2 protein chains.
Amino acid sequence: MTIARLKNLTASLTTAGLDAVVLNPGPTLTYLTGLHFHLMERPVVLFVTADQAPLLVLPELELPKVEMFPYKVQAIPYGELPSEWDDAFRKAAQVLGLDGKLIGVEPRQLRLMEFNYIQTGAPKARYPDASETLAALRLKKDQEEIEAMRRAVKIAQDALEATLPQIKIGMTEREVSSELVVQLFKHDSDPELPFSPIVSSGPNSANPHASPSERKLQAGDLLVIDWGAGYNGYMSDLTRTFAVGDVDDECRKIHEITQEANAAGRAAGKPGVPCAAVDIAARDVIEKAGYGKHFTHRTGHGIGMEGHEEPYMRGDNMQLLEAGMAYTVEPGIYLTNRNGVRVEDDVVVTENGVDVLSDMPREIRVVG
Amino acid sequence: MTIARLKNLTASLTTAGLDAVVLNPGPTLTYLTGLHFHLMERPVVLFVTADQAPLLVLPELELPKVEMFPYKVQAIPYGELPSEWDDAFRKAAQVLGLDGKLIGVEPRQLRLMEFNYIQTGAPKARYPDASETLAALRLKKDQEEIEAMRRAVKIAQDALEATLPQIKIGMTEREVSSELVVQLFKHDSDPELPFSPIVSSGPNSANPHASPSERKLQAGDLLVIDWGAGYNGYMSDLTRTFAVGDVDDECRKIHEITQEANAAGRAAGKPGVPCAAVDIAARDVIEKAGYGKHFTHRTGHGIGMEGHEEPYMRGDNMQLLEAGMAYTVEPGIYLTNRNGVRVEDDVVVTENGVDVLSDMPREIRVVG
């Protein structure tokens, strides 16, 4: 599996005109090796070239991982003294003959720290952005990846269903979030969640990126819960909006519109259609209902080993959907200082449409 | 609180000869603002200068956070189209007059992505490493920070005590780890753990950075559990080593030596002593017992808002300890392919020694 992935990458290097790419601990490194490395103060960098065995610079104490590699790698270990680390990177560039070459980087993942070490080893190299080449590898999910995502969705849904009966008026957002986190792990989520759950009530629900606060749930609140789980390194990301006791007509109305926009966004995806079409389909519903300026973000983002990854469901993104691409559909309406709604599902593009991984009821449900 | 921290930083800028520093989402940004931002594909950067209000470049949908700032900031929000983001950074540099100036960076935290945007705004600026200036701010913990760390230690200890009775021969490392994670959240850990627990048994325990595997616990194994919790953004990081049923004399011997090394390392810390002294004190015990080459890593690392931060307990680190510094003491002995032991505690330097935050028994205990 990872051998095939490595071959895909080395083939892409040639196509992209790159001599090498460098990867630090993160999803792409895990995708290519099946292994997890810590992102910490000790640099770990995998150099992949088109024609030589991959080379790994790493701390000595991580050496046991080299034996777990699914293919042959050259290892350049370094000791605990940072003063020796430059040398390890010089040696790496020398062994691979990289100075003066084109070395692709992943700017969203690579830190200046690793980049500085790599540059010390190959000061005359150029470092183009290889994000697209690397993202393309992970863009279309295979069956095993889709099953892991389906499981991550199921864990998330089961955890929230187990949490809902415990939600009462007077609980704080933070208490709801804590219980949901316990339930996520009881239902076997990976130790690393894609993100900390958003639990936002009343006026807080109008802030799409709110952190759970000490605010207590009150009758009449809308309650937005945006949460996800991890399974085997793959993520889910869902949102449902609830009514705390009785809510007013405006709340019910904006929920209904958002739910309709979510359905339109889900229905719009199929191979050959641009990502923009998904955004436009969802946005049209909200605009026609007169709430266009209250839908302040894109309709969705890709999802897989990262909570946010390519492709992005934005009105300007003409990238065409292909079978195997996975993304969220998450329109929302935010009435500042009053109320907010979001309804979010995860889908995977199939041969003729999308497979919706999440099936939790989308209707507004009453809690508390 | 955060106002005083900001003042400390602006004063340090002048001392360090810097015109500004740039911060992306991470511990230093949270330390200075009390707020959490997402590290994602949309760049968020705080510019701090010595003489102007801090300036924040951020996505429009994060704007509600600006009102939560504890002091005045200038905000430059950008929309969902990445093609407009360069402009936001150009405007930021222009407003602050930063081009051609000295702008400090934090290479361990700043990604190439944010750095590229910042450089686009200020192409003629120079970008020295400001890690030391920034780390110095967080180096000495105040009483509130120490109490948060004490609580993070207590959560971790209580969670492991609740897990131990459930550990049985035949369970996999991964099952032990899952149960421990559930217990961490039941005991109210923050949703973000400092790291996923290491649960390594038998030969796996000889790999200091092992990931929990499907290996089943067997009588005669040593079982290393290295775990931590978060509380209010502050971390704990502990290790205890257990005997699964009866273990042989060598296991008991290396445990005893390691426990003694841990005690020596804890005893060595006090104001005015170099970090190296802590490393040497612990290492001496292991070397004198003839296992020196099997203690393959430094004795400890600083801890606070990050699981690993300054100061580092390394034999070459002549940085002097000061009251308020917090770090781990974690000597280990690793007999490759056989057995490993590590005993780790968290301490804070006091006026005349250290306060050991962790008090869970260090003796080898039998489980299973």
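Residue numbering restarts at 1 for every chain, and letters A, B, ... go by the order of the sequence lines. Note that the structure is a prediction, hence the values are computed from the model and not measured.
Contacts between B:R314 and chain A at a heavy-atom distance below 4.5 Å involve the side chain alone, from C-beta outward. Contacts between B:E41 and chain A at a heavy-atom distance below 4.5 Å involve backbone atoms as well as side-chain atoms. For A:R108, the parts lying near chain B are the backbone and the side chain together; criterion is any non-hydrogen pair under 4.5 Å. If you measure heavy-atom distances from A:E80 to chain B, the contacts under 4.5 Å come from both the backbone and the side chain. B:Y312 touches chain A through its side chain: at least one heavy atom from C-beta onward sits under 4.5 Å away, while N, CA, C and O do not. Contacts of B:D188 with chain A are made by side-chain atoms alone, with heavy-atom separations under 4.5 Å and no backbone atom involved.
Your options are B:H297, B:R174, B:M40, and the one with the most heavy-atom pairs under 4.5 Å with chain A is B:H297. Options B:T296, B:L35, B:D316 differ in how many heavy-atom pairs under 4.5 Å they form with chain A, and the most are formed by B:D316. In terms of heavy-atom pairs under 4.5 angstrom with chain B, the leader among A:L39, A:T336, A:V181 is A:V181. Listed options A:E192, A:K186, A:M113 were ranked by heavy-atom pairs under 4.5 angstrom with chain B; first place goes to A:M113.
Ring geometry for A:H301 versus A:H308: interplanar angle of 30 to 60°, hence tilted. Below 30°, between 30° and 60°, or above 60°: for A:F185 and B:F185 the angle between ring planes is below 30°, a parallel geometry.
Nearest heavy atom pair, residue A:P197 against residue A:P212, reads O-CG, 3.4 Å.
When atom types are taken as modelled, the side chain of B:S177 and the backbone of B:E173 share no donor-acceptor pair closer than 3.5 angstrom.
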Kindly determine whether A:R298 and A:E330 satisfy salt bridge (charged side-chain N to carboxylate O under 4.0 Å, His left out), including the steps that lead there. CA-CA 8 Å; A:R298 65 191 174 204; A:E330 49 175 314; over 6 Å; no
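No donor-acceptor contact under 3.5 angstrom links the side chains of A:T28 and A:Q109, judged on distance only. At a cut-off of 3.5 Å, with distance as the only test, a side-chain donor of A:R342 or A:Y334 sits close to an acceptor on the other residue.
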